[in-house]
Asker: 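The structure follows.
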Amino acid sequence: MTIEQRYKEKVDTIYQGGQEKYHDQNEAKGKRFVRQRLSLLLDDGLETEDGLFANSEAEGLPADGVVCGTGKINGKTVCVMANDSTVKAGSWGARTVEKIIRIQETAEKLAVPMLYLVDSAGARITDQVEMFPGRRGAGRIFHNQVKLSGKIPQVCILFGPSAAGGAYIPAFCDLVIMVEGNASMYLGSPRMAQMVIGENVSLEEMGGASMHCSVSGCGDILAKDELEAIDHAREYISYVPQSYKEQVSMAEPVLPKDLPKTIEDIIPENQNTPFNMYDLLDRLIDDNSFFEIKKLFAPELITGFARLNGRTIGIIANQPKAKGGVLFHDSADKAARFITLCDAYHIPLLFLADIPGFMIGTKVERAGIIRHGAKMISAMAQATVPKISVIVRKAYGAGLYAMAGPAFDPDCCLALPQAQIAVMGPEAAVNAVYANKIAELEPGERNAFIAEKRDEYKQNIDVYRLASELVIDGVVNGNDLRDELTKRFALYATKDVVFTDRKHPVYPV
């Protein structure tokens, strides 16, 4: 055998991955081979590959079960690591770990996004001494992820399991996309749960994609199949810069959807009548530009990227159609995470407030709503990117604070003409102040008295009075809101501030 023949034989064997039966099993589940996934994700496939021959002298361990290299997405250079689930179920050996660590180090040196295509059963117990405890053991992967957080975008696409310690790869990423039916992440498998704590539970209940995207919040996007997951990852890269040292490029401006009703038409006059905040977004942002994050989790708050006249912005909006737009502990966490993400990569923030406040009651207090609310307020207050707050209809109590109210240094706080800002709504306020008086009145007099006091209260919190007192910076007709925001975000683009001088805060947790 010539040198060239030997080389070609080795490379061909590695490129084939594991045994044919494992390829067939994956195909039956709708799972693609790792190299097919990379060819779909990257513009022109892998441009460079590192560690191709890792463990190639061992039987049945081509590339040691992980593909690492570089390529481009939408013309932007990225680094990738991708588990090969046809090789010992994508499990980690010593060289697997070393390859992942090295590609992370490359991503840091090049200052480019790092993508993790995860489909792994976890560590190989037989290799644990070599790959688990040491200075360049598996723990170093997570150490690097924490170090890279906020420096470069990190994206995880979960095509299959991410088990035990490996579940922390998605946990430390900026975005987690999970393929419905195949993706899962868990610290202990259902079999382990049954053995250790006597719990009988299915894989989907324990750590399935649908559960994590709607209940735990560990997943950001639920994709119906691998193609959709890959499309989401490619789209996400268009909304973030290569690293924290760069800005997101402007896109071609696009008009909003052409819809018959205007923003003013769709907002009910009654503060308590629900409306769909997505309808407002459709009339505000560039058409087909909304990239929503955590849509299925805590839907009372909407978070996502959008483009406004070509400029990428992050949107935090209350959703009156879901639980009245009240903030819960989960929605506060959701907001804090998204605000931190946008601030890390210089993405301006738009807050659209229609909020009765934070939820009250023993259930949410036991769940730590004060603690979680503090996370949101802390993240919002520290964000130094351009921030604009718009009071769409109402901002009551601490809800005003959480949605970047005037005290939290927004670059401006605007309000639509029907907006109200108050400690609480007219109904609750009148009841709080006049409960005893109302009880003393004759039944026939109560309704008139209540209506009179509510009208007085509304006049006291009238939006033009708030503007007169400089509580807000301006009142804007809903139909002019897009133009106003476009001008202001362009104006604030040169903003350069430092929140405060310190090592780091004591984070509310």
Side-chain angles (χ1 to χ4, degrees), residues 261-277 279-281 283-284 316-321 324-327 350-358 360 377 380 387-438 441 445-485 487-488:
K261 291 185 177 180
T262 67
I263 287 179
E264 287 297 332
D265 292 334
I266 64 170
I267 299 176
E269 186 176 340
N270 187 326
Q271 297 282 353
N272 299 318
T273 301
F275 82 100
N276 193 342
M277 187 61 77
D279 291 339
L280 188 149
L281 292 177
R283 290 159 173 81
L284 185 65
I316 300 98
N318 305 119
Q319 171 57 302
K321 281 197 73 174
V326 175
L327 282 172
L350 172 62
F351 295 80
L352 296 172
D354 190 346
I355 178 168
F358 283 85
I360 61 171
I377 292 173
M380 176 273 302
K387 293 185 290 190
I388 298 178
S389 178
V390 178
I391 314 303
V392 176
R393 272 200 308 181
K394 59 185 178 292
Y396 296 153
L400 171 66
Y401 298 164
M403 295 299 287
F408 290 87
D409 268 355
D411 294 284
C412 72
C413 182
L414 304 173
L416 300 191
Q418 60 270 54
Q420 296 179 355
I421 295 175
V423 172
M424 61 184 74
E427 296 83 1
V430 169
N431 183 67
V433 176
Y434 297 105
N436 292 336
K437 174 70 174 176
I438 291 168
L441 292 172
E445 299 174 340
R446 289 176 185 169
N447 287 342
F449 178 81
I450 291 170
E452 176 189 350
K453 294 304 178 185
R454 285 180 181 176
D455 285 342
E456 289 178 5
Y457 188 83
K458 288 177 183 177
Q459 291 171 20
N460 191 47
I461 61 171
D462 179 72
V463 68
Y464 294 105
R465 182 185 174 191
L466 295 171
S468 175
E469 299 289 344
L470 292 182
V471 172
I472 57 174
D473 298 298
V475 180
V476 182
N477 186 286
N479 301 333
D480 299 325
L481 184 58
R482 176 181 163 87
D483 289 342
E484 182 73 18
L485 293 175
K487 289 186 292 187
R488 287 185 177 271

Asker: If we only count heavy atoms from C-beta on, is the I391 to L400 side-chain gap below 4.5 Å?
Answerer: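 Heavy-atom side-chain distance check passes, below 4.5 Å.
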
Asker: The criterion is side-chain hydrogen bond (donor to acceptor under 3.5 Å, both in side chains); which residues satisfy it with N460, sequence neighbours excluded?
Answerer: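 Residues passing side-chain hydrogen bond (donor to acceptor under 3.5 Å, both in side chains) with N460: R465.
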
Asker: Could you give the distance from CG (L416) to CD (E264), rounded to the nearest 0.5 Å?
Answerer: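 Taking CG in L416 and CD in E264, the distance rounds to 6.0 Å.
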
Asker: Please list all pairs meeting ring pair (Phe, Tyr, Trp, His ring centres under 6.0 Å) that have one or both residues in residues 399-425, counting only residues at least two apart or in different chains.
Answerer: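 Checked against ring pair (Phe, Tyr, Trp, His ring centres under 6.0 Å) - neighbours excluded - the pairs reaching residues 399-425 are Y401-F408.
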
Asker: Is it true that the side chains of D462 and Q420 contain a donor and an acceptor less than 3.5 Å apart?
Answerer: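 No, Q420 and D462 have no side-chain donor paired with an acceptor closer than 3.5 Å.
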
Asker: Is there side-chain contact between R283 and I266, with heavy atoms separated by less than 4.5 Å?
Answerer: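 R283 reaches I266 side chain to side chain.
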
Asker: Please check this pair: side chain of S389 against backbone of M403, looking for a donor-acceptor N/O pair closer than 3.5 Å.
Answerer: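 Present.
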
Asker: Residues two or more places apart in sequence or in another chain: which of them pass side-chain hydrogen bond (donor to acceptor under 3.5 Å, both in side chains) with D455?
Answerer: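 Here no residue qualifies.
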
Asker: Residues in side-chain hydrogen bond (donor to acceptor under 3.5 Å, both in side chains) with D473, at least two apart?
Answerer: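 If we apply the side-chain hydrogen bond (donor to acceptor under 3.5 Å, both in side chains) test to D473, skipping adjacent residues, there are no hits.
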
Asker: Please identify each residue that fulfils side-chain contact (heavy atoms from CB on, under 4.5 Å) with V326, with sequence neighbours left out.
Answerer: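 Expected list: F328, P356, M359.
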
Asker: Taking side-chain hydrogen bond (donor to acceptor under 3.5 Å, both in side chains) as the definition, give me every residue that meets it alongside R454, ordered by chain and number, with sequence neighbours left out.
Answerer: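 side-chain hydrogen bond (donor to acceptor under 3.5 Å, both in side chains) check on R454 returns nothing, list empty.
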
Asker: Could you go through the side chain to side chain donor-acceptor pair (under 3.5 Å) check for Q319 and N276 one step at a time?
Answerer: CA-CA 7 Å; Q319 171 57 302; N276 193 342; 2.9 Å; yes

